[in-house]
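First the structure, in the form of structure tokens, and then the observations on it.
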Protein chains: 4
Amino acid sequence: MTDNARRRSRERLEERERGILDAATKLFATAGFHATSTRKIAAAAGVSEGTVFHYFGSKNELMLGILDRFYNEVLNPRAAEILDTVMDTRSRLREFALHHVAALSADSALMLRLLQVYVGVELEVVGQDQLSSLRPLNRRYVGHLDRAVREGIERGDLRSNLQVRPLRDLFFGTLEYGMRTHLYHHGNEGMADYVDALLAPIWEGLHDNDRPNSDAELLTERLEKVSLRLERSVDTLEGN
Amino acid sequence: MTDNARRRSRERLEERERGILDAATKLFATAGFHATSTRKIAAAAGVSEGTVFHYFGSKNELMLGILDRFYNEVLNPRAAEILDTVMDTRSRLREFALHHVAALSADSALMLRLLQVYVGVELEVVGQDQLSSLRPLNRRYVGHLDRAVREGIERGDLRSNLQVRPLRDLFFGTLEYGMRTHLYHHGNEGMADYVDALLAPIWEGLHDNDRPNSDAELLTERLEKVSLRLERSVDTLEGN
Amino acid sequence: MTDNARRRSRERLEERERGILDAATKLFATAGFHATSTRKIAAAAGVSEGTVFHYFGSKNELMLGILDRFYNEVLNPRAAEILDTVMDTRSRLREFALHHVAALSADSALMLRLLQVYVGVELEVVGQDQLSSLRPLNRRYVGHLDRAVREGIERGDLRSNLQVRPLRDLFFGTLEYGMRTHLYHHGNEGMADYVDALLAPIWEGLHDNDRPNSDAELLTERLEKVSLRLERSVDTLEGN
Amino acid sequence: MTDNARRRSRERLEERERGILDAATKLFATAGFHATSTRKIAAAAGVSEGTVFHYFGSKNELMLGILDRFYNEVLNPRAAEILDTVMDTRSRLREFALHHVAALSADSALMLRLLQVYVGVELEVVGQDQLSSLRPLNRRYVGHLDRAVREGIERGDLRSNLQVRPLRDLFFGTLEYGMRTHLYHHGNEGMADYVDALLAPIWEGLHDNDRPNSDAELLTERLEKVSLRLERSVDTLEGN
DNA sequence: CATGAATGAGAATTCATTCAT
DNA sequence: TATGAATGAATTCTCATTCAT
């Protein structure tokens, strides 16, 4: 086999794998893990039943494959990007929250459901062993929030007495619960605004309000100063 | 049949029903809804399989029966009691939180799992109809929190600009997520303390800390004033 | 117990029995024997499940009870009446046919279905023993047709060479099959006319149209004579 | 896979399908549709229970498969053959009748029962949809009779005022009812003769008896003439 | 006589997984 | 590598019947 052929072959394999993952993701999210048979997945992916098992070994591993891909291709890359490009603590939290919610609620909350069902519940049923491959990915993801918090405290943006663990729960718990209720009542419509509504009381509880200069506040103050100077200019002009 | 006999008969029925509910609750929570067969439930309850269906009609209704009982016998009574006996807002929230967590995490988080799995996930799969019987119970339960918040605002304990919906998400979302992670790492040990750790930043974000600045709404007001002044300045300039 | 009380009691029993039979008849005919549970029958009759078994012992006997009643209260009385009051052979057949069809097709062909299903098919499954109670009733019913035919022949209204067994098949087979197809396409509408359409060719084949030739039996006789003569001829030839 | 392997594979599949159909046919006919479990069918066919559903999807479809095969492989082919090879109207009806009865009463009236139970009764319960696949097959089959009748009328063999619908009922109704009673009393013994006994009065009602020359009659007359000539020859010989 | 709770065998059907081709 | 026929255990649920009250 030439190198070219080899490459093309590998590409086909990967395409197939992706196809199966896509089909399974959609079906699991739509109908639930148990209500989705491997037969349906195979049919939706346009492959035979045997092929699904060729690629993933079992239905459980297929689910793990979905989550693995989600962490590697969606959750973690953008989280890292946010941490690297946004520096202001408030903005970081906001971007992170929007990213988290957008990622989980895409495709009619496909991944939200998946994570809820499988990681939240079936996981311990399946056995801890199976989760082990996911743990580091999740740890890495959560680590991004931890870093934002740590650095926020260092800069004095956040209270210095915040504990990281409760904070994670506050952040992710509120977002996921809120996202769920919002989806239930309004679908994806206005989700970003709702995230802001959720963040408001959270931020209020986190930031160090002995320092009266949140970014919004600083901006306001700058505007007020501009306004004052402008008024003075106007006065001067009129006085002339 | 004498009245005595009738009463004894009814008692036996209720005892049996309770037995089935108990068995099913434990099994559902331990192994998950799907992994628990009606056969196992019957065996655990010490009745025949047919009897399970005699009492509950279907596995789904059995699950609804469990949740129904949980709301009616655990969640709502104590929530009402707290609201009636504790008057201080902060204490109310704390008691409510402790009650919620204790109720859900009892018996190795039996009910937490049940609610997560079934209400959070299967629910939409099963169809809205089936949930309808649960909705009012849930509404009533959540209503207790709403009342605490409403009265807290009236008394000036809580910021007046809090919205009820995000607040629910903040409260229940944080508690349930936090309860889950805590259970995962430490089991029930030290749960009450952890609840306090979760409540701390929440409370910080909710209560009226009398500093009338830095609030988003206040900022907005200030910005609006700036805006007005700027407009006036511009008008004046243009008037020239 | 007074005689009065005794009588009233017996009446109530009979009323209950009738109620169960009515309910079962309707349900069996509507949904089929197997698709109708004794529980549904009990509910429809407004009695408890146990009561059904008190009165009929088993589901099978209940079915036999229905048929028994149908023969005794509907089929046979009117058949006897027709034979007693209508004397003309053609009219007798017509009245009998109309009666048969009307009885079977009443209540959306309730009894037609019952007879088809149970007597036609399940019967041998159930075992001959169970049928034994029905046999004499059926025999009596069919006997009315036999009598009409016999007397018709005696009077010269019908061909003398008609055999009774095929005739029954012709009569009942055509009527029931025709009734079924007619019900299927048009419901009960115009059923009486259709019975006449069915009877026309039947009558044509039965009545004595005074042309003593061309009948199969006559042909046979003639052929037998030919045969005899041929044999005789051959014998004679061989004798030579 | 080589073509050979492919062919062998397909053959095995078809053989298996046939095996399941055979087993199911026999069991349904013997014990009835409801009394035959899919487990029994699988066991009788020597396959696993899952395989039955792999091939037929459901017990209902299995039944439809049986009827489908019966129409396609037995009823229709021979009916078409009769219409194509036998031209005389009387003979056509007779052959058709014999064919119908023979087909239905083979294997202890296996198919008669099947058709009675399922098509006659369960059908409307099951719902019209399921029958739709059978309807055209039945229509085609009945069409053969219609054609024989139509052409019989054109040739003047049959009365010109016959209606096709009642005629079908007369024909099939009489045959099936008669077949049933005959089977009940005598089994298959003498069935063909009985069919003739049933056809006699039917034919009497159908044929155009203004033309005294049915084929049988013509044949008889020819035989009579032969006989006469033979007798005369014998006389002559003897006279010599 | 009447009830209806209790039974447990049995039904149809599904499904993840295997393996010969 | 890919297929898809085959499996058979497991599942939910139904039902006629019994029997203590």
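Just so we're clear, the structure is a prediction, and the values are computed from it rather than from any experiment. Within every chain, numbering begins at 1; the chains are lettered A, B, ... in the order of the sequence lines, protein sequences first and strands thereafter.
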Which value, rounded to the nearest 0.5 Å, describes the distance between [X] atom [atom1] and [Y] atom [atom2]?
X	Y	atom1	atom2	answer
B:L62	B:D68	CG	CG	12.0 Å
A:Y71	A:L67	OH	CG	7.5 Å
D:I41	D:I20	CD1	CD1	9.0 Å

Spacing of [X] atom [atom1] relative to [N] atom [atom2], expressed in whole Å:
X	N	atom1	atom2	answer
B:L62	F:dC13	CG	C1'	13 Å
A:E15	F:dT1	CD	P	17 Å
A:R16	F:dT3	CZ	C1'	10 Å
C:F56	E:dA2	CZ	P	12 Å
D:E11	F:dA5	CD	P	16 Å
A:I41	F:dT3	CD1	C1'	17 Å

Practice task
Under the side-chain contact (heavy atoms from CB on, under 4.5 Å) rule, what do A:N60 and A:F33 come out as? Steps first, then yes or no, please.
Solution key: CA-CA 9 Å; A:N60 268 317; A:F33 182 75; 3.8 Å; yes
Completion exercise
Shortest non-hydrogen pair, A:A23 vs A:A44, comes out as CB-CB, 3.8 Å
Fill in the blank from the handout: If one requires at least 3 consecutive Watson-Crick or G-U pairs with distances under 3.5 Å, the stems of DNA chain E turn out to be E:2-21 with F:2-21
Exercise for the section: Determine, stepwise, if the pair C:L21 / C:Y55 fulfils side-chain contact (heavy atoms from CB on, under 4.5 Å). Expected result: CA-CA 10 Å; C:L21 283 175; C:Y55 277 83; over 6 Å; no
Handout entry: Positive for salt bridge (Lys or Arg N to Asp or Glu O under 4.0 Å) with C:E49, one of C:K40, C:R39, C:K59
Key = C:R39
Completion exercise
Expected string for nucleotides 10-17 of chain E under the B/S/- scheme (protein heavy atoms, under 4.0 Å, primed atoms plus P, OP1, OP2 as sugar-phosphate) is -SSBBSBB
When you measure from the side-chain N and O atoms of [X] to the phosphate of [N], is any distance below 4.0 Å, counting only OP1 and OP2?
X	N	value
D:R12	F:dG4	no
A:S48	F:dT3	yes
C:H54	E:dA2	no

Practice task
Remember a base hit wins even if backbone is also touched, and classify A:Y55 as base, sugar-phosphate or nothing at under 4.0 Å, heavy atoms.
Solution key: sugar-phosphate
Handout entry: Criterion side-chain contact (heavy atoms from CB on, under 4.5 Å) on A:D22 and A:R69, from CA distance to verdict
Key = CA-CA 10 Å; A:D22 287 344; A:R69 182 172 72 153; 2.7 Å; yes
Fill in the blank from the handout: Sorted by position of nearest nucleotide on DNA chain E, 5' first, the leading residue of C:V47 and B:V52 is C:V47
Handout entry: Worked check of side-chain contact (heavy atoms from CB on, under 4.5 Å) between C:E17 and C:F56
Key = CA-CA 9 Å; C:E17 186 172 317; C:F56 293 95; 3.5 Å; yes
